[in-house]
Amino acid sequence: MNRLLSAALIAVLCTPAVAQTVDKDGAAKLSDSLAHYIGSQAIEKKLVSVEADGDAYKVTIDFKSLVEMLPKQQVVKFDFAPYVLSVKPRSDGAWDVSSGFPSRGSFEVTGPEGPQSMEIAIKDGKFAGVYDPELAALLSATSSIGGMTLLSKDKIQQAEASTCAGSATLNSTKSADGGVDFTMSQKIADFTESVKVDDPESGLKFPIGIRSPELTVDSTGKGLRTKAFLDLLAFGVANGDEAKFKANQAEFKSLLLAALPLWQRFDGSYGFKDFIVESPVGTFSAARLVMGFGADGISQNGTATYSIKASGLTIPQQLVPAWGASLLPTEVDFKFGGANLDLDTMARKAIEAMDLNKEPPLPEGFSEKLAADFIAMSI
């Protein structure tokens, strides 16, 4: 829901709200602005609609309209209530935004691997924030839920997850290079998940249960190029026809270069308290488990890091002999990654060599040469 909200905000609220009068004409202007980023067909088909509602605008995303735009044979069942955002202009050019998450929804899709389905229920879901069109980002935001359940199925697996109350906060500022710096923190209580696998072809058949009384998600980003991403999105909509896209590939290349390095740095982590995994061979647990990831953007000397840190580890007693139990570690602090990654040179060479009027777009043997150069630069 948060990802959907962010996408809707970026598409709709891309113009300053200074001196905005909330009326029918203002709603029409917001609709035109939206069409610039998602296409006029989405507006005509009522996938997204904007209307004046008191001193704010009501932005409605109708998922059923989206389904009607897809090939009929792909969707067997789809039942989601429209997602409604209330957006109110502020005197400083930003927008106050609020919404309530849809309480439940479901869909079923038939694909090459058979039917897949999902059902979701959210209790008391709420969101509020301030969106800055100059940054193309939320300056601040808070969200909360009273609880959530999620059930998904495919031909070999069934998973059911649930949580109790959860909350999240986000704050953003303008970075020195014109991008966006942000911090996000989320906490969810009583996370549980059960998975049942039954694959007749491989013979695999087993259940797994996961639970933790507290799940936290934290992330920080620096220099996220939100405005450049918007420009690329607008270009894609304006050049939706393949022939037009190819004819204007020089502009496309220029926009790709302007988006580099995409971001300066991103770091994120998932943390579990009293983490328990129940499996056919017994119960694994950790008093604290944190998994982290970090990466620089596309730069000439980038790094990528991964980490797993756990304390209070236990494993099923039957997996080790009695004499070996005391030798097992109860704490793990594992880190790995890469450094001196010159993705910038690779990206710029690929963009320069790309010709969308040819098949393939990159010269024969170019990818292999680029990979060899990358390995040589990284040693």
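Between R348 and D344 there is a salt bridge, since a side-chain N of the basic residue sits under 4.0 Å from a carboxylate O of the acidic one. Using a 4.0 Å cut-off between charged side-chain N and carboxylate O, K205 and D199 make no salt bridge. The existence of a salt bridge linking K196 and D198 is excluded, since no basic side-chain nitrogen approaches an acidic carboxylate oxygen closer than 4.0 Å. Ion pairing of D62 with K46 is absent here, as no side-chain N (NZ or NE/NH1/NH2) approaches a carboxylate O to less than 4.0 Å. The pair K174-E134 does not count as a salt bridge, with every side-chain nitrogen at least 4.0 angstrom from each carboxylate oxygen.
K123 contributes no side-chain N or O that, together with a main-chain N or O of M148, makes up a donor-acceptor pair within less than 3.5 Å. When atom types are taken as modelled, the side chain of S33 and the backbone of K29 share no donor-acceptor pair closer than 3.5 angstrom. For K246 (side chain) and D241 (main-chain N/O), no donor-acceptor pair under 3.5 Å exists by modelled atom type. Counting only distance, with no hydrogens or angles, the side chain of K153 and the backbone of S117 share no donor-acceptor pair below 3.5 Å. Side-chain atoms of K253 come within 3.5 Å of backbone N or O of M354 as a donor-acceptor pair.
Between P102 and I122, the shortest heavy-atom distance links the atoms O-CB, 3.8 Å. Shortest non-hydrogen contact noted between I145 and G125 is CG2-CA, 4.0 Å. Considering all non-hydrogen atoms of both residues, V22 and A56 come closest at CG1-O, 3.3 Å. Scanning all heavy atoms of the two residues, the minimum distance from A350 to L362 falls at O-CD2, 3.6 Å. Summarising the geometry of L138 relative to L170, their closest heavy-atom pair is O-CD2, 3.5 Å, with the distance given to 0.1 Å. Here the shortest heavy-atom pairing between G26 and Y57 reads CA-OH, 3.1 Å.
Interatomic distance, CG of L257 versus CD of E352, reported as 9.0 Å (0.5 Å rounding). Put simply, CG on D181 and CG on N171 are 12.0 Å apart, with the number rounded to the nearest 0.5 Å. In this structure, CG in L232 is found 10.0 Å from CD in E251, a value given to the nearest 0.5 Å. Rounding to the nearest 0.5 Å gives a distance of 12.5 Å between CZ of F107 and CG of D79. D267 contributes atom CG, which lies 11.0 Å from atom CG of D218 (distance to the nearest 0.5 angstrom). Between the CG atom in D274 and the OG atom in S212 there is a gap of 7.0 Å [rounded to 0.5 Å].
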Q: Test salt bridge (Lys or Arg N to Asp or Glu O under 4.0 Å) on K24 and E51 and set out the steps.
A: CA-CA 7 Å; K24 186 175 180 180; E51 59 182 311; over 6 Å; no
Q) Would S162 and T192 count as a side-chain hydrogen bond (donor to acceptor under 3.5 Å, both in side chains) if you check the C-alpha gap in whole Å, the side-chain angles of each, and the deciding distance to 0.1 Å? A) CA-CA 5 Å; S162 68; T192 64; 2.8 Å; yes
(Q) Under the criterion side-chain hydrogen bond (donor to acceptor under 3.5 Å, both in side chains), I'd like the reasoning laid out for T303 against R265: C-alpha separation, chi angles, the key distance, then a yes or no. (A) CA-CA 9 Å; T303 62; R265 181 71 186 180; 3.1 Å; yes
Q | V195 and Q157: CA distance, side-chain angles, deciding distance, side-chain contact (heavy atoms from CB on, under 4.5 Å) verdict | A | CA-CA 7 Å; V195 179; Q157 179 176 292; 3.7 Å; yes
Q: Just do the ring pair (Phe, Tyr, Trp, His ring centres under 6.0 Å) check on F272 and Y270 with the steps written out, would you?
A: CA-CA 7 Å; F272 296 89; Y270 283 82; 7.1 Å; no
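Considering V277, L328, V281 in turn, L328 is the only one that fulfils the side chain to side chain contact (heavy atoms under 4.5 Å, CB included) rule with I315. No option in T142, V97, L85 other than V97 meets the side chain to side chain contact (heavy atoms under 4.5 Å, CB included) test with F127.
No chain of hydrophobic side-chain contacts below 4.5 Å, direct or via other Ile, Leu, Val, Met, Phe, Trp or Tyr residues, connects I208 to L151. Linking Ile, Leu, Val, Met, Phe, Trp and Tyr residues whenever their side-chain heavy atoms come within less than 4.5 Å places V217 and M291 in a single cluster. Note: the hydrophobic cluster containing V290 does not contain F293 (ILVMFWY, side chain heavy atoms under 4.5 Å, direct or indirect links). Hydrophobic clustering, with ILVMFWY side chains joined whenever heavy atoms are under 4.5 angstrom apart, keeps V237 apart from F229. Hydrophobic clustering (ILVMFWY, side-chain heavy atoms < 4.5 Å, transitive): L313 and I276 are in distinct clusters.
Under the 6.0 Å cut-off for aromatic ring centres, F336 and F334 qualify, their centroids lying closer than that.
Annotation: side chain of E119 is not in contact with side chain of L150 (no heavy-atom distance under 4.5 Å). The side-chain heavy atoms of I188 and E214, taken from C-beta on, include no pair separated by under 4.5 Å. Contact check for F191 versus I210: side-chain heavy atoms found under the 4.5 Å cut-off. Side-chain contact between K222 and S175: absent, with no pair of heavy atoms (C-beta onward) separated by less than 4.5 Å. Inter-residue side-chain proximity for D355 and P361 is flagged as unmet; no heavy-atom pair is nearer than 4.5 Å. Between I38 and V48 there is a side-chain heavy-atom pair separated by less than 4.5 Å.
In the displayed structure, Q318 atom CD is contacted under 6.0 Å by more than 12 heavy atoms of other residues, nucleotides or ligands.
Using modelled atom types and a 3.5 Å distance limit, the side chains of S285 and T314 yield a donor-acceptor pair. Side chains of D296 and S299: no donor on one and acceptor on the other come within 3.5 Å.
Taking the six-membered ring for Trp and thresholds of 30 and 60 degrees, F266 and W263 have ring planes more than 60 degrees apart, a perpendicular arrangement. Under the 30°/60° scheme for interplanar angles, the aromatic rings of F63 and Y83 are found to lie parallel.
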